[in-house]
Amino acid sequence: MKRSDWVKFIGRSLSAVMIMFGSQSVLAVQPFNMTKGVTDISQRVFDLHMLILYICFGIGILVFSVMFYSILKHRKSKGHKPATFHESASLEFIWTVVPFVILIAITIPATKVLIEMEDTTKADMTIKVTGYQWMWHYEYIDHDVNFYSALKTSRDEIYNREEKNPNYLLEVDNELVLPTDRKVRFLFTANDVIHAWWVPELAIKKDAIPGFINESWTNITKPGVFRGQCAELCGRDHGFMPVVVRAVEPEEFDQWIAERKGKANKNFAALENAQHTLANSN
Amino acid sequence: MSTTAAEGHHADHPSGIMRWITTTNHKDIGTLYLWFAFIMFFVGGFMALIIRSELFQPGLQFVDPQFFNSMTTMHALIMVFGVVMPAFTGFANWMIPMMIGGTDMALPRLNNWSFWILPFAFTMMGSTLFMDGGGPAGGWTLYPPLTLQTGNALPFVVFAIHLMGMSSIMGAINVIATILNMRAPGMTLMKMPLFVWTWLITAYLLIAVMPVLAGGVTMLLTDKFFGTSFFNAAGGGDPVLFQHIFWFFGHPEVYILILPSFGVVSTIIPTFARKPLFGYSSMVYATASIAFLSFIVWAHHMFTVGMPLAGALFFMFATMLVAVPTGVKVFNWVCTMWRGAMTFETPMLFSIAFIILFTIGGFSGLMLALTPADFQYHDTYFVVAHFHYVLVPGSIFAIIAATYYWLPKWTGHMYNETLGKAHFWLSAIFVNITFFPMHFVGLAGMPRRIPDYALQFSDYNQIATIGAFGFGFAQLLFLWLVIQTIRGGAKTTDQVWEGAEGLEWTLSSPPPYHSFTTPPLIK
Ligand SMILES: [Cu+2]
């Protein structure tokens with residue numbers, strides 16, 4: 001092969017690989033780490049995640065370098081004669097105690113974050129979240145507003161008869177609208193089986209359990225739309241019950257909730273519709 | 001003379017299929033366990049490839065979501081109860097009598113029964129896929145109330161789990177009875193090979209937790225069919241109670257799947273480093289500590305159910321403690337290699353990959369132990385990546401390493417080293433292509449157990465699917481190698497490996513039908 005042939009060959013192989021990996025995206029722009037989120041808690045959870053990750057990297061690099069050095073140097077093929085040692089009290093003491101101390105050190109910030117996450121007192125408002133097969137129900141307890149929130153993605157998109165939109169599977173008919181800079185308390189329960197309400201940007205994942213109530217809270221620092229999913233296997237359409245939170249400025253929220261009050265409870269029909277959307281698909 | 005008596009006894013054995021059905025010989029039963037595990041490995045692997053095919057692209061292409069869920073459920077049940085556990089029981093049967101200088105297992109008829117239960121249990125469980133309402137689709141964790149929505153399959157699955165539990169408990173009793181009673185004179189506990197030690201501890205774990213699982217699934221059965229409300233809040237029960245029961249079984253269970261692997265790796269590394277195992281007694285104590293800790297960490301699988309702060313903190317601290325004895329083991333293996341005279345035959349390659357990749361799985365386990373961070377990781381692909389790293393390049397690699405290591409002893413033939421190395425490199429590369437990207441999609445927010453996903457997860461899923469097919473097909477090479485070695489090949493010496501130590505290498509290759517008819521001398 002001439003050089004130009006090689007260039008052509010490599011170019012063609014590369015484009016084949018690109019096509020294989022899907023045309024809609026390039027690897028480099030994909031998210032591959034935990035989100036920092038939009039709350040103080042989510043930022044601190046992210047910091048904790050990075051801390052433990054770096055500690056693991058550190059220990060890993062140390063242990064594996066020793067191992068690879070040994071693999072390269074202490075080979076029979078290089079004429080290395082085996083040593084006969086098989087014990088060292090001091091070494092064994094050190095590598096029991098040092099990891100122990102590192103572990104204690106990590107649990108301190110983790111405990112602090114956990115204590116704060118669990119403190120649901122002094123909330124400005126409360127939302128009751130109920131999991132259904134397969135949608136969410138939100139009740140603004142202080143405002144007498146409630147509605148169901150179900151997947152909006154069409155069956156044609158799911159069954160590949162139509163092009164998928166950018167928010168494929170992460171879009172709902174009624175978004176959960178929340179104010180920024182307010183402490184919002186959540187109460188979680190479920191109507192049928194266990195679900196889990198998860199929004200990565202809020203660092204909240206809590207099980208919604210029939211007959212029991214779980215608590216959590218958030219305080220969103222900036223407006224935006226934050227998407228998550230049910231995280232606990234809940235049956236056939238477990239993959240099709242997203243969570244969408246729209247955070248708006250407090251004034252805008254007050255306006256929205258006033259409008260919403262008027263048409264509260266009118267969308268019970270949505271329940272029936274959504275339950276049939278996927279159950280009868282195919 | 002004992003030898004003539006043994007041979008006379010041997011001659012009475014039925015041949016053909018009846019030999020295998022009626023056998024009470026530890027080697028025959030070991031072989032049965034290993035072939036059973038091998039077949040189930042391909043069945044469970046085929047299900048994994050169905051899962052990965054559906055996840056190759058966003059959208060629903062091949063299977064219905066309900067069937068997808070029963071594939072994830074069955075894949076897990078088969079791989080845990082049908083592959084890893086029987087494979088290690090197979091090695092225990094073959095090797096424990098040979099390693100401790102005994103003739104056979106202590107309870108040979110029980111041994112026959114504990115194996116022959118398994119094919120029936122798995123046939124029954126597999127048959128549920130063809131029943132009204134399909135197979136179990138609530139996940140291998142069987143959480144109610146979802147699992148109570150299972151159709152006709154539920155009682156069959158529950159009964160199959162009862163049978164698997166009985167089989168494991170009988171196997172465990174046999175292992176304990178053998179180790180405590182059949183050792184050759186002079187083989188004190190602290191002289192036993194580490195594989196025997198890890199199995200002794202594993203057997204106690206099995207006896208402790210299999211009845212707990214049996215109780216839990218029985219309560220599911222009575223809730224579904226006999227009007228009880230153990231897990232039904234409306235009747236005064238608690239769905240979370242099941243999760244506590246399940247994970248009180250489930251966490252020791254994950255050590256049941258990994259402790260024998262530690263034993264295998266602790267046997268293979270010294271052989272090919274030509275140097276004694278570093279820190280033998282600390283290895284024994286570390287194994288015992290891991291076993292003890294496994295009973296007090298179960299709720300780290302369920303931080304998101306909403307437990308009291310004190311509970312969450314206790315389970316976080318206890319879980320982090322597991323890292324200490326596990327670290328001791330890894331450091332000991334590295335120190336065993338240090339200043340040895342290493343060669344890199346296939347069993348050694350798989351063992352080294354085990355240490356590296358299992359450690360990566362251990363690191364992600366440490367991350368998962370941090371409760372606040374676990375809220376982000378829990379039930380995502382990060383968890384899927386974590387436990388596949390400890391189970392595939394962990395337990396499965398140890399099983400493969402053990403097969404290459406002992407197959408020449410069992411058959412008297414050497415396997416094809418070039419093909420063995422090819423099998424290693426294919427497996428090691430594809431296993432990482434499959435499972436490493438799962439860390440990324442998990443952190444990016446992809447929940448586990450979903451048949452379809454948002455567009456930003458596409459690339460990593462495609463890579464994982466390509467890896468899974470590569471890994472799956474690489475195992476056909478393994479099957480070919482094993483068959484080829486059984487059928488023939490270069491004759492091996494009794495010693496087989498230059499650096500191998502232990503009683504099993506003093507027997508001929510292949511070893512006699514009854515291992516040590518006269519007790520060997522222990523140095
Ligand atoms: Cu759900």
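Every value quoted in this text rests on a predicted model; they were computed, and no experiment measured them. In what follows, chains carry the letters A, B, and so on, assigned in the order in which the sequence lines appear, proteins first and then strands, with residues in each chain numbered from 1.
Looking at Ile115(A), both its backbone and its side chain come within 4.5 Å of chain B, counting heavy atoms on both sides. Neither the backbone nor the side chain of Pro242(A) comes within contact range of chain B, judged by heavy atoms closer than 4.5 Å. In this structure, chain B has no heavy atom under 4.5 Å from any part of Ser42(A). If you measure heavy-atom distances from Met283(B) to chain A, you find no contacts under 4.5 Å at all. Only the backbone of Lys81(A) comes within less than 4.5 Å of a heavy atom of chain B; no side-chain atom from C-beta onward does. Both the backbone and the side chain of Ile59(A) come within contact range of chain B, with heavy atoms under 4.5 Å apart. Only the side chain of Met117(A) has a heavy atom closer than 4.5 Å to any heavy atom of chain B. With a 4.5 Å cut-off on non-hydrogen atoms, Leu114(A) touches chain B through its backbone and its side chain both. Neither the backbone nor the side chain of Pro437(B) comes within less than 4.5 Å of any heavy atom of chain A. Both the backbone and the side chain of Leu233(A) come within contact range of chain B, with heavy atoms under 4.5 Å apart. Contacts between Glu232(A) and chain B at a heavy-atom distance below 4.5 Å involve backbone atoms as well as side-chain atoms. Only the backbone of Ala137(B) comes within less than 4.5 Å of a heavy atom in chain A; its side chain stays farther off.
Annotation: side chain of Leu366(B) is in contact with side chain of Ile52(A) (closest heavy-atom distance under 4.5 Å). The side-chain heavy atoms of Thr380(B) and Trp198(A), taken from C-beta on, include a pair separated by under 4.5 Å. Under the 4.5 Å side-chain criterion, counting only non-hydrogen atoms from C-beta, Phe240(A) is in contact with Pro65(B). In this structure the side chain of Phe344(B) reaches within 4.5 angstrom of the side chain of Arg75(A), judged on heavy atoms.
Judged purely by atom type and a 3.5 angstrom limit, Ser70(A) uses its side chain to pair as donor or acceptor with the backbone of Met337(B). In this structure, the side chain of Gln149(B) does not engage the main chain of Gly235(A) through any donor-acceptor pair within 3.5 Å. Checking side-chain atoms of Asn33(A) against main-chain N and O of Leu443(B) turns up no donor-acceptor pair under 3.5 Å. Put simply, the side chain of Lys205(A) gets close to the backbone of His378(B): a donor and an acceptor are under 3.5 Å apart.
Between Phe331(B) and Trp95(A), the angle of the ring planes lies from 30° to 60°, which puts this pair in the tilted group.
Across Val63(A), Leu170(A), Thr111(A), Ile41(A), the residue that shares the most heavy-atom pairs under 4.5 angstrom with chain B is Thr111(A). With respect to chain B, the highest number of heavy-atom pairs below 4.5 Å among Ile71(A), Ile104(A), Asn165(A), Ile102(A) belongs to Ile71(A). Contact count versus chain A (heavy atoms, under 4.5 Å) is highest, among Thr304(B), Ile450(B), Asp238(B), for Thr304(B). The candidate with the highest count of non-hydrogen atom pairs below 4.5 Å against chain B, out of Phe57(A), Phe188(A), Phe46(A), Phe64(A), is Phe64(A). Per-residue heavy-atom pair counts under 4.5 Å with chain A were compared for Ala341(B), Ala233(B), Gly279(B), Ala373(B), and the maximum is reached by Ala341(B). When each of Pro99(A), Cys230(A), Ala110(A) is checked for heavy-atom pairs under 4.5 Å with chain B, Ala110(A) comes out on top. By number of non-hydrogen pairs under 4.5 angstrom with chain B, the leading residue of Cys234(A), Ser77(A), Ala196(A) is Cys234(A). Of the listed residues (Ala190(A), Pro166(A), Ser88(A)), the greatest number of heavy-atom pairs within a distance under 4.5 Å of chain B belongs to Ser88(A). Counting heavy-atom pairs under 4.5 Å between each of Thr343(B), Leu309(B), Val240(B) and chain A puts Leu309(B) at the top.
Residues Tyr69(A) and Trp338(B) bring their aromatic ring centres within 6.0 Å. For Tyr377(B) and His49(A), the gap between ring centers is short of 6.0 Å.
Geometrically, Lys275(B) engages Phe85(A) in a cation-pi contact defined by less than 6.0 Å to the ring centre and at most 45° from the axis.
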Steps toward salt bridge (Lys or Arg N to Asp or Glu O under 4.0 Å) verdict (Arg236(A), Asp64(B)):
CA-CA 8 Å; Arg236(A) 186 175 182 277; Asp64(B) 182 82; 2.7 Å; yes

